Amino acid sequence: MTYRQLYQYGVQQLAESQIAEAELEARLLLEYICRTDRNTLLVHGDSLRSDFEEQSYKMAVTQRASHIPLQHITGEQEFMGLSFRVNKNVLIPRQDTETLVEEAMCHLGDGMRILDLCTGSGCILLSLLKYSNECEGIGVDISPKALEVARENAARLGLDAIFLEGDLFAPLAEFQSDKTTDRLFDMIISNPPYIETAVIDTLMPEVRDYEPRIALDGTADGLFFYREIIRQAAVYMHIGAWILFEIGCNQGEAVQALLEQNGFCEVSVIKDYAGLDRVVCGLRGE
């Protein structure tokens with residue numbers, strides 16, 4: 001089959017399986033299998049592909065048609081202009097989360113110390129380290145398999161970051177037991193699980209069936225991890241340090257109130273590119 005015929009096959013199969021962006025994903029899968037770029041379809045659409053490429057592409061299309069996420073097939077996702085390794089053990093980085101990183105960069109100075117809770121693939125922390133100067137970062141996650149992915153991403157990007165296994169702030173106690181170690185941070189950032197438990201089964205199958213539930217489930221009201229982090233955060237922060245969260249689009253007022261009730265000031269809610277509430281941030285005052 002030619003390159004164009006393979007593409008048309010992919011579009012048809014994905015469309016029949018109700019994949020929303022069938023044309024785009026058929027092209028991305030073809031580029032992944034054939035190691036080509038987006039111009040190949042236009043310039044070399046009539047070129048014949050090998051039997052191996054044809055069979056590999058058809059297998060990949062079959063996987064995607066069964067609603068396995070595209071990123072689990074390719075093993076990669078672009079985020080903040082960087083390529084991150086992903087698999088079933090971590091959330092797939094999304095464009096919405098770039099709003100969180102961009103807001104954090106507005107408050108990030110050279111040499112700051114960053115704590116990323118529920119780090120997952122490490123995409124938030126590693127992006128901040130990549131686009132800053134001489135900052136230090138610690139990422140924490142309760143999943144050892146997620147931390148394997150985060151460490152791989154750090155190595156791929158050539159970045160130094162520390163990743164600790166444990167529940168929120170718990171692993172910091174042992175790590176920072178040396179009195180010579182500064183236990184305070186200039187920024188705490190998190191994209192915690194925030195989906196209400198009852199809602200998870202209504203999500204699209206790519207999320208519901210293939211992304212780690214532990215990274216989705218924010219318990220009954222979706223606010224459990226915000227309450228836990230905010231309750232403990234101040235003792236780990238310098239005065240004047242920032243805390244930033246990604247939130248669900250209907251959680252802005254609730255998380256803002258939690259921060260204000262716990263003594264944080266200059267609390268604000270930031271919208272994403274779709275005009276939806278996406279980030280809440282606040283400052284640790286005196």
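All values derive from a computational prediction rather than experimental measurement.
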Query - Which atom of Ala146 lies closest to which atom of Asn89, heavy atoms considered - result: CB-O, 3.7 Å
Report task. For Gly111 and Cys135, work out which heavy atoms get closest and say how close. Result -> N-SG, 3.8 Å
Report summary line: Smallest heavy-atom separation, Met187 atom then Ala241 atom, equals N-CB, 4.4 Å
Requested in this report: Start with the C-alpha distance between Arg227 and Asp221, add both sets of side-chain angles, then the distance that settles side chain to side chain contact (heavy atoms under 4.5 Å, CB included), and finish with yes or no.
Outcome: CA-CA 11 Å; Arg227 283 192 291 265; Asp221 65 356; 2.9 Å; yes
Report task. Assess whether side chain to side chain donor-acceptor pair (under 3.5 Å) is satisfied between Gln12 and Gln8, documenting all intermediate values. Result -> CA-CA 6 Å; Gln12 180 180 352; Gln8 292 169 344; over 6 Å; no
Requested in this report: Would you check if the side chain of Arg94 reaches a backbone N or O of Ile92 as a donor-acceptor pair within less than 3.5 Å?
Outcome: yes
**Report entry** Test: Glu148 and Lys145 ion pair at under 4.0 Å
**Finding:** no
Query raised in the report: Are any non-hydrogen side-chain atoms of Tyr226 and Ile247 less than 4.5 angstrom apart?
Result: yes
Query raised in the report: Between Arg4 and Asp46, is there a salt bridge with N-O shorter than 4.0 Å?
Result: yes
Query raised in the report: In the hydrophobic clustering (ILVMFWY, side-chain contacts below 4.5 Å, transitive), which residues join Ile214, or is it alone?
Result: Ile142
Report summary line: Shortest non-hydrogen pair, Phe225 vs Asp217, comes out as CE1-O, 3.5 Å
Query raised in the report: Any ring pair (Phe, Tyr, Trp, His ring centres under 6.0 Å) pairs touching residues 64-95, not counting sequence neighbours?
Result: none
Side chains of residues 252-263: which donor-acceptor pairs under 3.5 Å do they make with residues two or more places apart or in other chains?
from   : atom 1 : to     : atom 2 : distance (Å)
Gln256 : NE2    : Glu260 : OE2    : 3.4
Asn262 : ND2    : Leu258 : O      : 2.8

Report task. Could you tell me which non-hydrogen atom of Ile114 sits nearest to which non-hydrogen atom of Phe185, and how far apart they are? Result -> C-CD2, 3.7 Å
Requested in this report: Could you tell me whether the side chain of Glu98 and the main chain of Met80 form a donor-acceptor pair under 3.5 Å?
Outcome: yes
Report task. Might you point out which heavy atoms bring Arg278 and Tyr194 nearest each other, and give the distance in Å? Result -> NH1-OH, 3.5 Å
Query raised in the report: Between Arg35 and Glu53, does at least one N-O distance fall below 4.0 Å, as a salt bridge requires?
Result: no
Query raised in the report: How are the rings of His107 and Trp242 set relative to one another: parallel (under 30°), tilted (30 to 60°) or perpendicular (over 60°)?
Result: parallel
Report summary line: Joining Ile, Leu, Val, Met, Phe, Trp and Tyr whenever any side-chain heavy atoms lie under 4.5 Å apart, the cluster holding Ile19 also takes in Met1, Tyr3, Leu6, Tyr7, Tyr9, Val11, Leu14, Leu24, Leu28, Leu29, Leu30, Tyr32, Ile33, Leu41, Tyr57, Val61, Ile68, Leu70, Ile73, Tyr210
Requested in this report: For Asp37, look at atom CG and say whether over 12 heavy atoms of other residues, nucleotides or ligands are found less than 6.0 Å away.
Outcome: yes
Query - Qualifying residues under side-chain hydrogen bond (donor to acceptor under 3.5 Å, both in side chains), relative to Glu31, sequence neighbours excluded - result: Arg27
**Report entry** Heavy-atom donor-acceptor pair, Ser190 side chain to Leu117 backbone, under 3.5 Å
**Finding:** yes
Report task. Could you tell me which residues satisfy side chain to side chain contact (heavy atoms under 4.5 Å, CB included) with Lys130, sequence neighbours excluded, listed by chain and number? Result -> Leu82, Leu159
